[in-house]
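Order of the sequence lines fixes the chain letters, A, B, ..., with proteins taken first and strands second; residue numbering starts at 1 for each chain. In what follows, every heavy atom counts, from backbone to side chain, and hydrogens, waters and symmetry copies are set aside.
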Amino acid sequence: DVKVTQSSRYLVKRTGEKVFLECVQDMDHENMFWYRQDPGLGLRLIYFSYDVKMKEKGDIPEGYSVSREKKERFSLILESASTNQTSMYLCASSSSGLPNTGELFFGEGSRLTVL
Amino acid sequence: GQQLNQSPQSMFIQEGEDVSMNCTSSSIFNTWLWYKQDPGEGPVLLIALYKAGELTSNGRLTAQFGITRKDSFLNISASIPSDVGIYFCAGQRRDFGNEKLTFGTGTRLTIIP
């Protein structure tokens with residue numbers, strides 16, 4: 001069964017702390033994505049990666065960075081957490097191979113609270 | 001970045017009722033997808049549409065790719081308790097291999113006992 005695993009389901013951090021959110025997929029997918037989900041705003045793309053060591057900014061990259069050192073792992077980093085980064089974070093992966101359905105496979109999410 | 005306008009934002013219905021929701025965009029998409037998120041889980045793909053005017057069914061779900069390529073509709077017939085969750089539309093443009101999806105704001109479906 002295909003799986004995207006996010007390391008922490010719930011985190012509570014203090015303002016100014018550095019936060020790492022880890023995501024691992026076991027499907028050998030080329031593409032990986034980080035979204036944040038907020039009520040009334042849907043899913044907004046933070047960063048994505050089409051290959052190892054490659055990263056592209058999404059729609060809301062400010063305050064975040066990412067790392068993709070291995071194909072199966074994509075990390076989201078909050079260098080200095082702020083209260084407005086309290087949110088649900090969703091990792092997803094997809095294949096670039098054929099047939100290209102556009103389907104994303106999501107993890108269960110990491111709910112981050114910044115105090 | 002662009003977001004898709006999805007309506008309604010929330011729905012409160014009784015079991016057995018039919019449900020309709022839609023998504024509109026100011027831009028054209030080549031692919032429309034509908035995802036469902038169960039409470040405490042990540043979204044899961046329900047239906048994918050690849051051609052303007054296409055009508056596709058998956059059990060009690062029916063989705064349509066609008067003829068203008070700027071909108072899509074999802075209908076659920078005879079709702080049951082497990083239909084509860086948040087439904088997201090997503091559009092994709094295949095520009096130079098661009099895989100990015102743009103998501104709607106979501107429709108939260110609640111079934112009243």
Side-chain angles (χ1 to χ4, degrees), chain A residues 1-6 9-10 21 23-25 27 29-51 54-62 87-111, chain B residues 1-10 21-25 27 29-51 54 56 58 63 65 72 85-108 110:
Chain A
D1 213 9
V2 297
K3 203 153 175 70
V4 177
T5 303
Q6 294 184 228
R9 292 295 302 270
Y10 300 94
L21 299 179
C23 176
V24 177
Q25 50 96 2
M27 297 166 280
H29 282 168
E30 294 79 14
N31 311 320
M32 296 190 75
F33 307 82
W34 274 106
Y35 290 87
R36 66 176 280 176
Q37 179 180 5
D38 300 288
L41 297 178
L43 303 180
R44 293 180 292 167
L45 182 62
I46 305 171
Y47 267 96
F48 60 102
S49 169
Y50 291 151
D51 202 352
M54 177 269 177
K55 60 186 178 186
E56 292 276 350
K57 292 180 180 179
D59 298 319
I60 51 163
E62 296 78 19
S87 186
M88 170 71 86
Y89 291 88
L90 288 164
C91 175
S93 71
S94 71
S95 172
S96 290
L98 295 174
N100 192 336
T101 63
E103 180 176 7
L104 296 185
F105 294 86
F106 283 89
E108 292 180 317
S110 299
R111 184 167 292 283
Chain B
Q2 180 193 13
Q3 276 192 287
L4 303 179
N5 295 315
Q6 190 172 341
S7 66
Q9 192 171 7
S10 58
M21 59 191 79
N22 69 283
C23 209
T24 59
S25 167
S27 304
F29 289 107
N30 305 117
T31 301
W32 281 95
L33 305 107
W34 284 91
Y35 284 80
K36 183 196 176 203
Q37 184 179 31
D38 288 328
E41 304 289 331
V44 173
L45 182 67
L46 295 174
I47 288 182
L49 303 151
Y50 300 108
K51 210 161 105 170
E54 181 182 353
T56 296
N58 179 6
F65 193 140
S72 181
I86 305 176
Y87 292 79
F88 292 102
C89 62
Q92 184 182 44
R93 279 202 303 272
R94 304 287 181 90
D95 299 328
F96 306 106
N98 190 332
E99 304 285 339
K100 287 195 302 177
L101 296 185
T102 300
F103 280 86
T105 48
T107 296
R108 183 181 291 273
T110 303

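- Remark: A/Glu108 engages A/Arg9 in a salt bridge (charged side-chain N to carboxylate O under 4.0 Å, His left out) (not counting sequence neighbours).
- In this structure a side-chain-to-backbone donor-acceptor pair under 3.5 Å is present from B/Tyr35 to A/Leu104.
- In this structure, no portion of B/Gln6 lies under 4.5 Å from any heavy atom of chain A.
- Looking at B/Gln9, the atoms closer than 4.5 Å to chain A (heavy atoms on both sides) all sit in the side chain, from C-beta outward.
- Annotation: salt bridge (charged side-chain N to carboxylate O under 4.0 Å, His left out) contacts involving residues 34-44 of chain A, sequence neighbours excluded, comprise A/Arg36-A/Asp38, A/Asp38-A/Arg44.
- Interface check for chain A: of the options B/Leu45, B/Ile86, B/Asp38, B/Val44, the most heavy-atom pairs under 4.5 Å are formed by B/Leu45.
- With a threshold of 4.5 angstrom between heavy atoms, A/Leu43 approaches chain B through its backbone and through its side chain.
- Of the atoms belonging to A/Gln37, it is side-chain heavy atoms, and not backbone ones, that fall under 4.5 Å from chain B.
- How far CG of B/Leu101 is from CD of A/Glu103: 10.0 Å, rounded to the nearest 0.5 Å.
- Ranked by heavy-atom pairs under 4.5 Å with chain A, the list B/Gly40, B/Pro43, B/Gly42, B/Ala48 is led by B/Pro43.
- When each of A/Gly109, A/Gly58, A/Cys91, A/Gly40 is checked for heavy-atom pairs under 4.5 Å with chain B, A/Gly40 comes out on top.
- Note that the CZ atom of B/Phe88 and the CZ atom of A/Phe106 stand 8.5 Å from one another [nearest 0.5 Å].
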